[in-house]
Enquirer: 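The following block contains the structure, expressed as structure tokens.
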Amino acid sequence: MATAEPESITTDSQSEEEKNETTGELVSNPEDYIKHPLQNRWALWFFKNDKTKTWQANLRLISKFDTVEDFWALYNHIQLSSNLISGCDYSLFKDGIEPMWEDERNKRGGRWLITLSKQQRRADLDRFWLETLLCLVGEAFDDHSDDVCGAVINIRTKGDKLAIWTTDYDNKDAITHIGRGWKERLGMAPKMVIGYQSHADTATKSGSTTKNKFVV
């Protein structure tokens, strides 16, 4: 009785790598599962103005992240700034720094501040905020990125506000470099002037406006 020729088979014990050598195909790309680390770990905070609670009780930590992929996962999961109700804030700060003047890293610092018109909420707000976040997590301010503490967006009826907070209001080189870089990144016209104010001046101001320490 004739017997069939045994077929060439691949045993279960043969590794994926060996199969890979046989077929010349790549089993998987490490880029598909290796996350890309950021230079710093960041924390996103949300503030909702509930008059029945204290300021600190209204401030809530949403999430922390330290990779590019986790940043986008978080950003794509939350409400756009333009959809928030008036009185709400988002704050993105380096892990370990709370978004308040009293924090040790903030109290001797200040902020670059941009106030938007009501019309800009629809036209510019979300793009400006995303660009600001990318400046922070991407360490876009060269050697002066260490001076950055975080950024805040305030949704207000009179006009929304964007700010980048820095750690030392006396460090003129770092502050002006950050201000110019931010303004350029947002695509603002050169004739548009933005100002930097120290937190100490803002906290003790007597009128409705704080004097600018620097402008770009």
Side-chain angles (χ1 to χ4, degrees), residues 40 42-49 55 58-59 61-62 75 78 80-82 84 86-95 97-118 120-121 124-141 144-172 174-188 192-205 207-216:
N40 281 288
W42 297 87
L44 183 69
W45 302 76
F46 177 69
F47 179 89
K48 185 176 181 180
N49 191 18
W55 187 89
N58 280 324
L59 185 66
L61 176 65
I62 298 176
Y75 180 81
I78 61 174
L80 288 172
S81 303
S82 59
L84 297 178
S86 184
C88 292
D89 304 339
Y90 279 138
S91 301
L92 183 76
F93 275 72
K94 287 174 180 169
D95 188 23
I97 306 177
E98 295 193 343
M100 56 187 70
W101 296 335
E102 299 84 357
D103 189 280
E104 193 64 34
R105 286 287 304 278
N106 293 327
K107 64 183 183 183
R108 279 188 47 79
R111 61 178 180 168
W112 281 110
L113 180 65
I114 297 172
T115 302
L116 304 180
S117 67
K118 291 181 181 180
Q120 285 181 285
R121 179 177 296 181
D124 298 320
L125 182 71
D126 293 327
R127 179 175 63 84
F128 277 12
W129 179 235
L130 178 56
E131 285 295 338
T132 301
L133 298 179
L134 293 175
C135 281
L136 265 59
V137 301
E139 311 291 334
F141 304 114
H144 300 299
S145 289
D146 285 347
D147 271 63
V148 172
C149 297
V152 182
I153 187 167
N154 312 118
I155 306 303
R156 301 292 185 268
T157 305
K158 292 181 179 179
D160 305 321
K161 296 178 180 180
L162 281 163
I164 288 183
W165 289 28
T166 73
T167 191
D168 182 359
Y169 59 68
D170 284 329
N171 192 347
K172 182 180 179 180
I175 290 167
T176 52
H177 183 87
I178 291 164
R180 288 194 187 106
W182 187 35
K183 185 177 167 181
E184 184 178 327
R185 185 72 172 259
L186 298 184
M188 298 178 71
M192 294 284 293
V193 175
I194 63 172
Y196 180 92
Q197 306 155 355
S198 75
H199 296 318
D201 287 347
T202 305
T204 58
K205 69 179 180 182
S208 60
T209 57
T210 305
K211 184 180 178 183
N212 289 327
K213 192 173 175 71
F214 307 110
V215 295
V216 294

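Values below: every heavy atom of this structure, side chains too, minus hydrogens, waters and symmetry copies.
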Enquirer: Can you find a pair of side-chain heavy atoms, one from Ile155 and one from Leu125, that are under 4.5 Å apart?
Expert: yes
Enquirer: Would you call Phe141 and Ile164 a side-chain contact if the rule is heavy atoms closer than 4.5 Å?
Expert: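 Side-chain contact under 4.5 Å: yes.
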Enquirer: Which residues satisfy the side-chain contact (heavy atoms from CB on, under 4.5 Å) test with Ser86, sequence neighbours excluded?
Expert: Thr157
Enquirer: Rounded to the nearest 0.5 Å, how far apart are CH2 of Trp112 and OG1 of Thr132?
Expert: 13.5 Å
Enquirer: Taking side-chain contact (heavy atoms from CB on, under 4.5 Å) as the definition, give me every residue that meets it alongside Lys118, ordered by chain and number, with sequence neighbours left out.
Expert: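 Lys118: no side-chain contact (heavy atoms from CB on, under 4.5 Å) contacts found.
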Enquirer: Between Lys94 and Val148, which heavy-atom pair has the shortest distance, and what is it?
Expert: NZ-O, 2.8 Å
Enquirer: Grab the two heavy atoms, one from Leu186 and one from Glu131, that are nearest each other, plus how far apart they are.
Expert: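 Scanning both residues completely, I find the closest heavy atoms to be CD2-CB, 3.7 Å.
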Enquirer: Would you list the pairs meeting salt bridge (Lys or Arg N to Asp or Glu O under 4.0 Å) in which at least one residue belongs to residues 158-170, sequence neighbours left out?
Expert: Arg108-Asp168, Arg108-Asp170, Arg121-Asp160
Enquirer: Just verifying a value: how many Å separate Leu84 CG and Lys48 NZ, rounded to the nearest 0.5 Å?
Expert: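 Taking CG in Leu84 and NZ in Lys48, the distance rounds to 10.0 Å.
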Enquirer: Would you check, one step at a time, whether the test side-chain contact (heavy atoms from CB on, under 4.5 Å) holds for Asp147 with His177?
Expert: CA-CA 11 Å; Asp147 271 63; His177 183 87; over 6 Å; no
Enquirer: Give me the atom names and distance for the closest heavy-atom approach of Ile194 to Gly179.
Expert: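 Nearest pair, atom of Ile194 first, then Gly179: CD1-O, 4.0 Å.
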Enquirer: Quick one, Asp201 with Lys213, criterion side-chain contact (heavy atoms from CB on, under 4.5 Å). Give me CA distance, side-chain angles, the key distance, then yes/no.
Expert: CA-CA 9 Å; Asp201 287 347; Lys213 192 173 175 71; 5.5 Å; no
Enquirer: When you look at Arg127 and Asp124, which way does the side-chain contact (heavy atoms from CB on, under 4.5 Å) test go after all the steps?
Expert: CA-CA 5 Å; Arg127 179 175 63 84; Asp124 298 320; 3.4 Å; yes
Enquirer: Looking only at non-hydrogen atoms, find the nearest pair between Leu92 and Trp129 and report the distance.
Expert: N-CH2, 4.4 Å
Enquirer: Applying side chain to side chain donor-acceptor pair (under 3.5 Å), can you list everything that pairs with Ser91, at least two apart in sequence or on another chain?
Expert: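 With sequence neighbours excluded, Ser91 shows a side chain to side chain donor-acceptor pair (under 3.5 Å) to no residue whatsoever.
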Enquirer: In chain order, what residues pass the side-chain contact (heavy atoms from CB on, under 4.5 Å) check against Val193, with sequence neighbours excluded?
Expert: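 Testing Val193 for side-chain contact (heavy atoms from CB on, under 4.5 Å), a comparison that skips the adjacent residues, returns Val215.
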Enquirer: Check side chain to side chain donor-acceptor pair (under 3.5 Å) between Asp126 and all other residues, then give those that pass, not counting sequence neighbours.
Expert: Ser82
Enquirer: Measuring from Tyr196:OH to Lys172:NZ, what's the distance to the nearest 0.5 Å?
Expert: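 Separation between the atoms: 13.0 Å.
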Enquirer: Is Asn106 reaching over with its side chain to a backbone N or O of Met100, donor-acceptor style, under 3.5 angstrom?
Expert: yes
Enquirer: Please determine whether side-chain contact (heavy atoms from CB on, under 4.5 Å) holds for the pair Val152 and Phe93, giving the CA-CA distance in whole Å, both sets of side-chain angles, and the decisive distance to 0.1 Å.
Expert: CA-CA 9 Å; Val152 182; Phe93 275 72; 3.7 Å; yes
Enquirer: List for me each residue that meets side chain to side chain donor-acceptor pair (under 3.5 Å) alongside Ser145, sequence neighbours excluded, and say none if there are none.
Expert: none
Enquirer: Roughly how far apart are His144 NE2 and Asn171 CG, rounded to 0.5 Å?
Expert: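 Spacing of NE2 (His144) from CG (Asn171) equals 7.0 Å.
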Enquirer: About how many Å separate CG of Asp103 and CD of Glu98, when rounded to the nearest 0.5 Å?
Expert: 6.0 Å
Enquirer: Can you name the ring-ring contact (aromatic ring centres under 6.0 Å, His included) partners of Phe47, sequence neighbours left out?
Expert: Trp55
Enquirer: Hey, does Trp165 have a side-chain heavy atom less than 4.5 Å from the side chain of Leu113?
Expert: no
Enquirer: Can you sort out the partners of Ala43 under side-chain contact (heavy atoms from CB on, under 4.5 Å), two or more places apart, ordered by chain and number?
Expert: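 Testing Ala43 for side-chain contact (heavy atoms from CB on, under 4.5 Å), a comparison that skips the adjacent residues, returns Trp45, Leu61, Lys64.
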Enquirer: Could you list the residues that satisfy ring-ring contact (aromatic ring centres under 6.0 Å, His included) with Trp182, not counting sequence neighbours?
Expert: none
Enquirer: Could you list the residues that satisfy ring-ring contact (aromatic ring centres under 6.0 Å, His included) with Phe128, not counting sequence neighbours?
Expert: none
Enquirer: Tell me the closest heavy-atom pair linking Trp42 and Cys149, and the distance in Å.
Expert: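 Between these two residues, the closest heavy atoms are CZ3-O, 4.2 Å.
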Enquirer: To the nearest 0.5 Å, tell me how far Glu139 CD sits from Asp146 CG.
Expert: 7.0 Å
Enquirer: Would a 4.5 Å heavy-atom cut-off, applied to side chains only, mark Lys107 and His199 as touching?
Expert: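 Counting from C-beta outward, Lys107 and His199 never come under 4.5 Å.
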Enquirer: Asn154: what forms a side chain to side chain donor-acceptor pair (under 3.5 Å) with it, not counting sequence neighbours?
Expert: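 Asp89.
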Enquirer: Compare all side-chain heavy atoms of Arg185 with those of Leu134 and state whether any distance is below 4.5 angstrom.
Expert: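 Side chain of Arg185 against side chain of Leu134, heavy atoms only: contact under 4.5 Å found.
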